[in-house]
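Naming convention: chains lettered A, B, ... in sequence-line order (proteins, then strands); numbering from 1 in each chain.
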Amino acid sequence: MVQIEINNVTKRIHKNLVLQDVTAVMHEGRIYGLQGVNGSGKTMLMRTIIGLIRPSEGNVSINGKIIGKDIEFPESIGFLLENPAFLGRYSGFDNLNMLAGIRKTATVEQVRDTIRLVGLDPGDKKKYRKYSLGMKQRLGIAAAIMEEPDIVILDEPTNALDESGIYLVKNILLRQKERGALVIISCHDIGILRELSDEIFKLDTGRIIEHICGESDA
Amino acid sequence: MKFIKYLLFDLKQGILRNKAMVFAPIVIAATAFLDFASKAHRLLLDGRIRESVSYGDYWFYLYGGMHKYTPSPGNGFRFPVVWIVVFLVIPFVLLNYPFKDLYGVGQQILVGSGRRTVWWLSKCCWNFLGTVMYHMLMQLTGLVLFLVFQMNVSNQIHMDFINLVFEVGHQEVWNRVALPLSVLLLPVLVSTAISMLEMTLSLFLKPMFSFFAVAVLFLASAYLLTPLLVGNYAMAFRYNWMLKEGVSINVGFGVSIGLLLVSALVGLVRFRYYDILESE
């Protein structure tokens, strides 16, 4: 059972209000979409939930544990923020295997399976720096989901992907939802966002200006 | 256990895989050796020094810095080039790795670790060990070159050579014949403290500004002989062991260890509340 509570979160960076009194509750087994133009606060809200930035006011709690007070980061989370970043001199498999080796939460077989799941070849020796943008994006998604975390956060997961890649991402997200993960995504393509999300939070200048419940809640 | 894994990751990615970290000290030491050896050879041929130089002289050439500068007409400030290169290259080489890691794959590791403290302490150990390794590689390169050219590898120093190279009057310095262990260790310790200070400053300023701050600290230390400027403790020439009005070696150890620990602790507190933003 996972629940994220965002309680009156405000964030100021260099006197700019990037999040303003944001309040939301999110539950497991659902996909939450964040919609908004560039600079509306989508990524900032994601960073706050991950624990990478601290709210100036308010708090984010995961199952009642406040981030920055009771815990520093959510205990089970996978994420992809903006551009995926891995070690350029390693292959995709070596990168994920290295991450799994440090955290000891995914087996080598799980790593291979996840790489296959995103449409890449785990046996491919090509170095990450030689990957195309689409391949980098797929590997970033694989890193986020390989440990089957309770919370999956993907910022613009369909960036740089072709039609087949987008179809793949949609399926992956639905599988995450089916296994009970709480999924948060942002996407410029409103069609994809509406198709996948159970609920959408529309942000503008750091505020939630609209909360749309999807067809499943209608 | 987790901490050891993060540290091994940092040592591998931030030191062994960092070409500049490995090659910079070798290139600096070799270049300085050529300059040192040609000067020594010339002085010996001219009969201005009595005997061949030793490894101790070479070490002093790298870590000596400069004697006290007294501003006066006709006595312009002469930049201690070798010393500043030895001490400024390492903060520059160390500058980017923690932030490259923090905005790259390290972000996944940091969140996975569940604790910011683990990330910071691992970076502190990496920073300390990286600085020590830099100086060890530099000294080892010098030692190898001395062995290759069959030169005297003792820690003896020749004051006639040092006074000529550093342009010092005999009356200002003690007449020393060998480098004690404390003198060999202190500059490296000061260097580790300044590298740590730079990493902590980078949490408050942009990394490049923290590097400039450290560069200014070194330059100010070269200009002013005062126990308040920590760079003085990185110049073997400025110790009271060598220069009659120099700084205390014991105080230098205390100041360096203090600066090292305070920097690491301030960074630890700051990093707990540090916003990890790509744009930074």
Side-chain angles (χ1 to χ4, degrees), chain A residues 11-14 16 18 39 43-44 46-56 62 65 67-90 94-96 98-106 128 139-140 142-144 146-147 149 151 153 155, chain B residues 1-22 96-123 125-126 203-206 209 268-280:
Chain A
K11 179 67 186 175
R12 275 181 215 92
I13 295 178
H14 308 307
N16 294 322
V18 293
T43 307
M44 284 296 169
M46 288 176 162
R47 286 183 177 277
T48 311
I49 295 168
I50 297 166
L52 294 171
I53 61 172
R54 301 275 195 243
S56 308
I62 314 285
K65 291 179 182 170
I67 294 177
K69 190 180 168 195
D70 305 319
I71 48 172
E72 292 193 1
F73 301 104
E75 282 153 3
S76 175
I77 189 166
F79 63 92
L80 167 65
L81 288 177
E82 291 167 326
N83 303 313
F86 294 98
L87 299 173
R89 64 179 82 91
Y90 291 168
D94 288 342
N95 265 294
L96 296 204
M98 182 264 301
L99 280 175
I102 290 176
R103 303 195 294 217
K104 275 272 181 244
T105 45
Y128 176 74
L139 194 69
M146 72 171 171
E147 292 164 338
I151 302 168
I153 296 182
D155 190 8
Chain B
M1 189 60 197
K2 261 189 176 178
F3 173 75
I4 298 292
K5 279 186 179 177
Y6 297 137
L7 179 59
L8 289 176
F9 174 82
D10 280 332
L11 295 182
K12 189 175 173 188
Q13 301 303 330
I15 295 180
L16 300 179
R17 295 276 187 178
N18 187 342
K19 286 177 190 155
M21 192 85 153
V22 177
N96 285 322
Y97 172 71
F99 296 91
K100 205 174 148 194
D101 179 69
L102 193 59
Y103 303 127
V105 74
Q107 205 171 86
Q108 299 271 352
I109 297 172
L110 169 68
V111 174
S113 78
R115 294 176 66 194
R116 287 175 177 238
T117 314
V118 171
W119 188 91
W120 178 253
L121 290 181
S122 176
K123 291 297 175 288
C125 292
W126 158 82
L203 296 176
F204 296 90
L205 310 167
K206 288 197 171 172
F209 290 147
L268 183 73
V269 174
R270 167 71 176 146
F271 191 65
R272 290 195 68 187
Y273 304 97
Y274 185 73
D275 286 334
I276 300 161
L277 294 164
E278 220 80 42
S279 56
E280 291 292 300

| request: Check each atom of A:I71 against the heavy atoms of chain B and say whether the ones under 4.5 Å are side chain, backbone, both or neither. | output: neither
| Side chain, backbone, both or neither: which part of A:Y128 has a heavy atom under 4.5 Å from chain B? |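 Neither part, no heavy atoms under 4.5 Å.
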Close side-chain approach of [X] to [Y], heavy-atom, < 4.5 Å:
X: B:R17; Y: A:L87; result: no
X: A:R47; Y: B:D275; result: no
X: A:I50; Y: B:Q107; result: no
X: A:R89; Y: B:Q13; result: yes
X: A:R54; Y: B:Y274; result: no

| note | Between B:G104 and A:A85 the two heavy atoms that sit nearest each other are CA-CB, 3.5 Å
| Result of checking B:L110, B:V111, B:T117 against A:E72 for side chain to side chain contact (heavy atoms under 4.5 Å, CB included) | B:T117
| Counting only heavy atoms not in B:F204, do more than 12 fall under 6.0 Å of its CZ? | yes
| message | Can you confirm whether B:R272 is buried at CZ, in the sense that more than 12 heavy atoms of other residues, nucleotides or ligands lie under 6.0 Å from that atom? | response |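 No - once you tally the heavy atoms of other residues, nucleotides and ligands closer than 6.0 Å, there are 12 at most.
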| request: Working to the nearest 0.5 Å, report the span between CZ of A:F73 and CZ of B:R116. | output: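 Answer for the CZ-CZ pair, A:F73 versus B:R116, is 4.5 Å.
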